[in-house]
There are 2 protein chains.
Amino acid sequence: MTQYDKNSRFASKQAYEVIRDRILNGDMPGGTKIVEEKLAAELGFSRTPIRESLRQLNYEGLIVNKKVVQPTEKDLRNLFQVRSLLEGFSAKAAATYLPEEDLNALSNCIKVGREGTMEEIMDANERFHEIIVQASGNALMIDTIHRMKSIIYLFRKTVVLYNRPRLIDEHEEIYESIKARDGENAKKLMEDHLKEDLDFCLHILNSSKNA
Amino acid sequence: MTQYDKNSRFASKQAYEVIRDRILNGDMPGGTKIVEEKLAAELGFSRTPIRESLRQLNYEGLIVNKKVVQPTEKDLRNLFQVRSLLEGFSAKAAATYLPEEDLNALSNCIKVGREGTMEEIMDANERFHEIIVQASGNALMIDTIHRMKSIIYLFRKTVVLYNRPRLIDEHEEIYESIKARDGENAKKLMEDHLKEDLDFCLHILNSSKNA
DNA sequence: TTTCATTATTTTGTATACATTTTTGTTTAT
DNA sequence: ATAAACAAAAATGTATACAAAATAATGAAA
């Protein structure tokens, strides 16, 4: 199952993955200065592929001004604003188009969400949204959301780690709406769901700020 | 007024601009194969900055698989779908927040749209949408739309060049709604406006296909 | 002719070198 | 002590070289 990504033979891709992971799990916390030569030495590549990987990370918003991003509250709000528009639309589309197979996959994500380990829950959560996004059938929209994926991950960790209440219940409600082919409701529930995520993140953010 | 962009001293930025312009005005039509060394020789730079510029063009969707993009009808629909969501939202936000100064700028775009030369109309058209997008106050949203800018330009040319009827009238209606602080209406009119643009583009596209 | 295999050729990915630019650190004058 | 000016160091942008990979061209077998 561990599919070999043929891109991994590229130094630039490997560097991208290592650096991204370091940022995502806190090894390179927000504000860390990025210096090409230092990373090149650390990862054992030359500067050329490192530079390429850094451009990708810039593009995804993980690096800003040669520093690891430190998303502000405003950034968080902006992100959920855009997601709400795109994923709300996708949820509606899903209610119209989603095939049986994907419905089952959604259902499975909910089950894992209730019974799985922390890591399994993270994955299931991501997969749930991914299936719906794909249902938009709009490659540009999918791409746009994927671009935000890393930053979303940064926050999804918060939501799952701090065990947000009703998270999976909301997924289930969305799922039910899609299954019932009620597009407008699916859209509304998705928007509400993201609003709850946002509020939860903001709460965590602010309470840890005053700690 | 011709402000010197200090980025222009970078070979990579210059290369980006030259190649982008070549694509946008048809010097490098859709399907043209991109070879780094060839471009490097032509533009008088080494491959390094050329590669960097190509990444950016990839990112903006002007280059796909080492070829100049040839947007399909599906691409066109996808683009307008995403724009409709983001610019619809922005129009609503504009109705709430837009300061007097920007209202006047919008009004000016309409005037130029009625009286200007082809090129002035193109600019005014772009500026009209840009002002509204900025009103979203959401940097991520603005960035996302900017990313689509080049492809939008490709189609805007069609709309203006073939002199789409009611184009400026629709702008004016949107402007009036924003001025009247009617957010819902502004949003709806923007969505309708983009739908008209899309249909017009599709029409041109299809009639030229059967020529 | 068509198909496959094998060479050439082109093109790409990466490493390295070097010249500017940017940043840091130090000294001097106020 | 603070600010300005300068020197030293570090970091970046670009050019070039080379090996690996992808593509095109050639020829042999069906």
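We name chains A, B, ... by the order of the sequence lines, and we start the count at 1 in each one. Heavy atoms only: backbone and side chains are in, while hydrogens, waters and symmetry mates are out.
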Open item on the list: I want to check a possible cation-pi pair here: A:Arg83 against A:Phe80, using under 6.0 Å from ring centre and within 45° of the ring axis as the test.
Closed with: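 Flagged: A:Arg83 positioned over aromatic ring of A:Phe80.
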Length of the line joining [X]:[atom1] and [N]:[atom2], which is rounded to integer Å:
X       : N      : atom1 : atom2 : answer
A:Lys13 : C:dG13 : NZ    : P     : 13 Å
A:Arg51 : C:dT16 : CZ    : P     : 16 Å
B:Lys66 : D:dA24 : NZ    : P     : 11 Å
A:Glu37 : D:dG13 : CD    : C1'   : 12 Å
B:Leu54 : D:dT14 : CG    : C1'   : 15 Å
A:Phe45 : C:dT16 : CZ    : P     : 13 Å
A:Ile34 : D:dG13 : CD1   : P     : 14 Å
B:Asn58 : C:dG13 : CG    : P     : 11 Å

Task: Closest contact, heavy atoms only, A:Asn163 versus A:Phe200 - done: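 Closest pair (atom of A:Asn163, atom of A:Phe200, distance): C-CZ, 4.4 Å.
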TODO: Please determine which of B:Arg47, B:Lys66, B:Arg55 meets the salt bridge (Lys or Arg N to Asp or Glu O under 4.0 Å) test together with B:Glu36.
DONE: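 Running salt bridge (Lys or Arg N to Asp or Glu O under 4.0 Å) over B:Arg47, B:Lys66, B:Arg55 with B:Glu36 returns exactly one hit, B:Arg47.
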Open item on the list: Parallel, tilted or perpendicular, judged at 30° and 60°: which one describes the rings of B:His129 and B:His193?
Closed with: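 Ring orientation of B:His129 relative to B:His193: parallel.
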TODO: For the side chain of B:Arg9, starting at C-beta, report the closest nucleotide among D:dT14, D:dA22, C:dT22.
DONE: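 When the side chain of B:Arg9 is considered, C:dT22 is the closest of D:dT14, D:dA22, C:dT22.
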Task: Out of D:dA22, D:dA15, D:dT12, whichever nucleotide has its closest atom nearest the side chain of A:Arg47 - done: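 Nearest nucleotide to the side chain: D:dT12.
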Open item on the list: Any donor-acceptor pair under 3.5 Å linking the side-chain atoms of A:Ser107 with those of A:Asn104?
Closed with: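 No - no donor-acceptor pair under 3.5 Å links their side chains.
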Open item on the list: Under 4.0 Å, heavy atoms only, any strand: does A:Glu36 hit a base, just the sugar-phosphate, or nothing?
Closed with: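 Here A:Glu36 touches the backbone only, sparing every base.
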- [ ] Give A:Leu39 one of three labels, base, sugar-phosphate or nothing, depending on what nucleic acid heavy atoms sit under 4.0 Å from its own.
- [x]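 Since no nucleic acid heavy atom lies under 4.0 Å of A:Leu39, the category is nothing.
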Task: Whichever of B:Thr48 and B:Lys33 has its nearest DNA chain C nucleotide further upstream toward 5' - done: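 That would be B:Lys33.
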TODO: Would you kindly compare A:Val35 and B:Ser12 by the position of their nearest DNA chain D nucleotide and give the one closer to the 5′ end?
DONE: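 First, find each residue's nearest nucleotide; the 5'-ward one identifies A:Val35.
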